[in-house]
Amino acid sequence: MSNSTQHTISKILRKTPNKTLSVSTRQAKQLHAHIVKTKGTLHSDNILVLSLYSNLNLLQHSLHLFNSLPSPPPPLAWSSIIKCYTSHSLLHLSFSSFNSMRSLSVPPNRHVFPSLLKASTLLKHHKLAHSLHACTVRLGLDSDLYIANALINTYAKFHNAGKVFDVFPKRGESGIDCVKKVFDMMPVRDVVSWNTVIAGFAQNGMYVEALDMVREMGKNGKLKPDSFTLSSILPIFAEHVDVNKGKEIHGYAVRNGFDGDVFIGSSLIDMYAKCNRLECSLRAFYILPRKDAISWNSIIAGCVQNGEFDRGLGFFRRMLKENVKPMAVSFSSVIPACAHLTALSLGRQLHGCIVRLGFDDNEFIASSLVDMYAKCGNIKMARYVFDRIDKRDMVAWTAIIMGCAMHGHALDAVSLFENMLEDGVRPCYVAFMAVLTACSHAGLVDEGWRYFNSMERDFGIAPGLEHYAAVADLLGRAGRLEEAYDFISNMRGVQPTGSVWSILLAACRAHKSVELAEKVLDKLLSVDSENMGAYVLMSNIYSAAQRWKDAARLRIHMRKKGLKKTPACSWIEVGNQVHTFMAGDKSHPYYDKINKALDVLLEQMEKEGYVIDTNQVLHDVDEELKRELLHNHSERLAIAYGIISTTAGTTIRVIKNIRVCADCHTAIKFITKIVGREITVRDNSRFHHFKNGSCSCGDYW
DNA sequence: GTAGGGTTAG
């Protein structure tokens with residue numbers, strides 16, 4: 001045996017005070033061989049090797065050695081094997097070993113309890129944790145530093161679950177109460193004790209207490225916040241969107257050399273991203289000397305949460321390229337990017353990966369898939385994924401309800417909402433947004449009112465801007481304009497914004513009420529004088545009423561204020577390319593073919609009874625020009641391109657940035673019949689599925 | 001020998 005190995009052995013056997021004794025697997029095996037050769041398999045030094053194997057997480061080696069020990073193995077051997085089981089997540093084996101140990105009358109030593117407490121925490125098994133706690137009390141070990149630290153961790157993790165099951169030692173005592181009790185009675189506390197309590201407070205939303213503890217910790221002797229402390233409290237500033245406090249912590253981390261720590265790194269990335277400082281997140285990401293899967297997850301999620309969808313996808317690709325194995329979280333972070341980009345084929349590919357990696361039962365992923373399929377126009381697939389979710393939580397329900405709402409399946413949305421209630425899932429703020437949206441898209445006025453009234457009364461959720469907007473939309477579209485006006489004027493808790501008034505303004509346009517529109521516009525401009533949408537809408541209302549002078553006056557006013565209309569734009573994915581069209585856009589290389597196809601279609605449409613609705617052209621121009629303007633609306637160009645560039649029978653999916661115009665809506669119904677294809681158009685509020693001459697919205701939109 | 005931290009869905 002070499003000198004260096006001899007040195008290692010003597011170092012190990014001398015029980016060096018160095019706690020993190022680093023021994024390689026090879027060294028441990030050599031030591032084992034040496035001991036077996038010189039002292040035999042039964043010598044007690046083998047137990048030291050077992051603890052080395054256990055620390056190295058070598059389950060097979062540990063087990064093999066453990067089984068070769070004379071019976072009954074001593075306490076140290078048991079604590080080593082139990083630790084190994086726990087760190088391999090073989091939690092039931094941890095407990096069955098503990099039982100065997102006791103049935104062999106081996107007295108449990110202090111070292112078994114932390115591993116067992118950890119196992120009970122991972123199993124979320126409250127009763128086990130309590131009996132372990134009781135056991136340590138009987139043995140007088142409950143204030144042992146390591147055991148108390150483990151107890152604090154266990155109780156902190158059970159805090160929320162404890163309220164539900166009411167299993168804490170004394171009725172009405174929460175997990176955090178137990179945390180405090182254990183912490184208070186400890187004769188000696190170390191930095192781990194403080195960090196565990198701080199993390200417990202932080203993870204349970206007790207931010208004031210967490211930050212107080214950090215200050216207290218500094219005062220109390222020599223303990224200084226370390227990297228563990230910082231990574232526990234950074235999420236507080238992320239949630240509170242307090243970038244200044246977050247920066248202070250960042251500064252402290254830099255001064256103390258923690259800024260390259262992977263844990264702090266991902267907290268910093270997340271904190272800056274949640275504070276809308278994506279550039280700072282990127283900097284924190286790039287300076288990390290070593291990036292793990294969570295660092296990648298954080299930057300991907302950060303990009304996606306800040307609307308940088310392509311960037312988020314780019315980081316996901318780079319993560320794969322650098323051979324970092326994606327985790328379930330990686331997928332639930334990146335799928336929403338596909339949803340927002342309407343990238344159906346990419347979303348499908350990712351779904352494939354998810355299934356292959358066995359992540360398809362993850363509830364976060366499932367909900368994001370439901371939403372992605374719905375937003376990409378495939379409501380059937382959204383429903384398929386939803387139906388296969390084992391445990392449907394509120395987010396999953398909300399995703400499918402919102403999906404149905406967007407696709408105009410209002411009755412499905414309403415009955416799903418009822419099913420959710422029957423399932424005992426409490427609806428939240430967003431769930432009510434979804435069901436109210438469904439009602440407004442289908443004109444279910446009574447149902448909408450019922451839900452609106454029940455949210456505060458039955459569920460204690462105060463209606464927010466989105467709910468008021470949905471009800472205003474519901475009333476407005478149904479033509480109950482005065483009622484909607486009163487409803488908005490009497491909003492409680494929140495002030496009506498320009499966007500809520502615009503909803504009513506749009507309804508005034510649909511129901512041709514110039515008088516109320518003028519009243520609404522006044523209200524709107526008083527809260528949002530720069531709202532260009534309002535000017536456009538009002539000028540369109542005047543135009544539709546042939547009040548060209550008023551319309552022109554508004555447009556001049558807009559121009560003076562430097563407000564510009566959002567240009568209408570539609571796009572379609574053909575092959576792997578996105579083709580974008582503006583109204584009257586002649587820049588597409590196939591423009592001539594597109595135009596010709598539209599001419600042919602128009603001829604056939606008119607034979608079928610289509611009459612152009614030139615009222616939809618809101619300029620004071622002659623009829624011929626009006627025809628041409630409508631003929632060149634962006635959605636028609638995109639659809640025509642889809643027809644000539646894909647094989648017969650392929651569904652055409654078009655997306656438009658603003659609402660589809662009424663004449664185009666009629667025209668597309670004719671087109672779908674003539675070409676025998678399904679056409680899906682997603683505008684900024686919903687999907688229209690055109691098939692065989694009709695639209696899924698039932699012309700109510 | 002035994003204890004603590006970061007990321008995710010509507």
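Values below: all heavy atoms of this structure, side chains included; hydrogens, waters and symmetry mates excluded. Letters A, B, ... mirror the listed sequences (proteins, then strands); counts begin at 1. The model shown is predicted, which means the values in this text are computed figures rather than measured ones.
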Test for a donor-acceptor pair under 3.5 Å between the base of B:dG5 and the side chain of A:S231, counting only N and O atoms.
-> yes
Contacts of A:K83 that satisfy salt bridge (Lys or Arg N to Asp or Glu O under 4.0 Å) - sequence neighbours left out | none
Taking side chain to side chain contact (heavy atoms under 4.5 Å, CB included) as the test, write out the residues that go with A:T342, two or more places apart.
-> A:C376, A:I655, A:R682
A:V262 side chain: which of B:dG6, B:dG10, B:dG4 is closest?
-> B:dG6
Per ring pair (Phe, Tyr, Trp, His ring centres under 6.0 Å), A:H133 is matched among A:F113, A:Y155, A:F158 by A:Y155
Any donor-acceptor pair under 3.5 Å between the side chain of A:S227 and the base of B:dG5?
-> yes
Acceptor/donor pairs from residues 226-237 of chain A side chains to any protein atom, 3.5 angstrom cut, sequence neighbours excluded:
from: A:D226; atom 1: OD1; to: A:N195; atom 2: ND2; distance (Å): 3.0
from: A:D226; atom 1: OD1; to: A:F228; atom 2: N; distance (Å): 3.0
from: A:D226; atom 1: OD1; to: A:T229; atom 2: N; distance (Å): 3.1
from: A:D226; atom 1: OD1; to: A:T229; atom 2: OG1; distance (Å): 2.9
from: A:T229; atom 1: OG1; to: A:N195; atom 2: OD1; distance (Å): 2.7
from: A:T229; atom 1: OG1; to: A:D226; atom 2: N; distance (Å): 2.9
from: A:T229; atom 1: OG1; to: A:D226; atom 2: O; distance (Å): 3.4
from: A:S231; atom 1: OG; to: A:S227; atom 2: O; distance (Å): 3.0
from: A:S231; atom 1: OG; to: A:F228; atom 2: O; distance (Å): 3.2
from: A:S232; atom 1: OG; to: A:F228; atom 2: O; distance (Å): 3.1

Is NZ or CZ of A:R110 both nearer than 6.0 Å to the six-membered ring centre of A:Y146 and within 45° of the ring axis?
-> no
Shortest side-chain distance from A:D371, nucleotide among B:dA9, B:dG10, B:dG4 | B:dG10
Quick one: label A:S332 by what it contacts on the DNA or RNA (base, sugar-phosphate, nothing), any heavy atom closer than 4.0 Å.
-> base
To the nearest angstrom, the CE-P distance between A:M394 and B:dG10 comes to 13 Å
Looking at the side chain of A:Q203, which of B:dG6, B:dG4, B:dT8 is the nearest nucleotide?
-> B:dG6
Give A:S80 one of three labels, base, sugar-phosphate or nothing, depending on what nucleic acid heavy atoms sit under 4.0 Å from its own.
-> nothing
Name the nucleic acid region contacted by A:I365, choosing base, sugar-phosphate or nothing; use a 4.0 angstrom heavy-atom cut-off, strictly under.
-> nothing
Lys/Arg N to Asp/Glu carboxylate O, A:R215 vs A:D212, below 4.0 Å | yes
If you check every side-chain atom of A:F364, which of B:dA9, B:dA3, B:dG10 has the closest atom?
-> B:dA9
Just to confirm, is there a sub-4.0 Å distance from OP1 or OP2 of B:dG4 to any side-chain nitrogen or oxygen of A:N153?
-> yes
Separation of atom CG in A:D361 from atom P in B:dT8, rounded to whole Å = 20 Å
May I have the distance from A:N149 (atom CG) to B:dG5 (atom C1'), rounded to whole angstrom?
-> 14 Å
With sequence neighbours left out, write down each residue that passes side chain to side chain contact (heavy atoms under 4.5 Å, CB included) with A:I287, or none if nothing qualifies.
-> A:D259
Considering only heavy side-chain atoms of A:P235, the closest of B:dG5, B:dT8, B:dG6 is B:dG6
Does A:K157 put a side-chain nitrogen or oxygen below 4.0 Å from OP1 or OP2 of B:dA3?
-> no
Sorted by number, residues from residues 275-295 of chain A placing a heavy atom under 4.0 Å from DNA chain B are A:D292, A:I294, A:S295
State which of B:dG4, B:dG10, B:dG1 makes the closest approach to the side chain of A:N109.
-> B:dG1
Indicate, with a heavy-atom threshold strictly under 4.0 Å, whether A:V334 touches base, sugar-phosphate, or nothing.
-> nothing
Check against ring-ring contact (aromatic ring centres under 6.0 Å, His included), A:F98 and A:W78 = CA-CA 8 Å; A:F98 184 55; A:W78 288 101; 9.3 Å; no
Any donor-acceptor pair under 3.5 Å between the side chain of A:D190 and the base of B:dG4?
-> no
With a non-hydrogen cut-off below 4.0 angstrom, is A:M433 in contact with a base, only sugar-phosphate, or nothing?
-> nothing
Residue A:N55, side-chain heavy atoms: nucleotide from B:dG4, B:dT2, B:dG10 that is nearest | B:dT2
Minimum-distance nucleotide (side-chain atoms of A:P114 versus B:dT2, B:dG4, B:dT7) = B:dT2
Rounded to the nearest angstrom, tell me the gap between atom CD1 in A:I400 and atom C1' in B:dA9.
-> 14 Å
Enumerate the residue pairs fulfilling salt bridge (charged side-chain N to carboxylate O under 4.0 Å, His left out) with a member in residues 273-283 of chain A, sequence neighbours excluded, ordered by first and then second residue.
-> A:D270-A:K274, A:E279-A:R311
Which listed nucleotide (B:dG10, B:dT8, B:dG6) is nearest to the side chain of A:F263?
-> B:dG6
With distance as the sole criterion, do the side chain of A:D261 and the base of B:dG5 form a donor-acceptor contact below 3.5 Å?
-> yes
Tell me which nucleotide among B:dT7, B:dA3, B:dG5 gets nearest to the side chain of A:Y146.
-> B:dA3
Who pairs with A:N419 by side-chain hydrogen bond (donor to acceptor under 3.5 Å, both in side chains), at least two apart in sequence or on another chain?
-> none
Between the base of B:dA9 and the side chain of A:S367, is there a donor-acceptor distance below 3.5 Å?
-> yes
With sequence neighbours left out, what residues match A:Q349 under side chain to side chain contact (heavy atoms under 4.5 Å, CB included)?
-> A:L346
Strictly below 4.0 Å, heavy-atom distances to any atom of DNA chain B: list the hits from residues 265-274 of chain A, or just say none.
-> A:S266, A:S267, A:D270, A:K274
Any donor-acceptor pair under 3.5 Å joining the side chain of A:S232 to the base of B:dG5?
-> no
So, for A:F331 and A:F316, is the gap between ring centers shorter than 6.0 Å?
-> yes
Specify the separation, in whole Å, of atom CG of A:L56 and atom C1' of B:dG1.
-> 13 Å
A:L50 CG to B:dG1 C1', straight-line distance once rounded to whole Å = 10 Å
Report which part of the nucleic acid A:N362 touches: base, sugar-phosphate, or nothing (heavy-atom distance under 4.0 Å, all strands).
-> nothing
Return the value, rounded to whole Å, for the distance between atom CG of A:L151 and atom C1' of B:dG4.
-> 14 Å
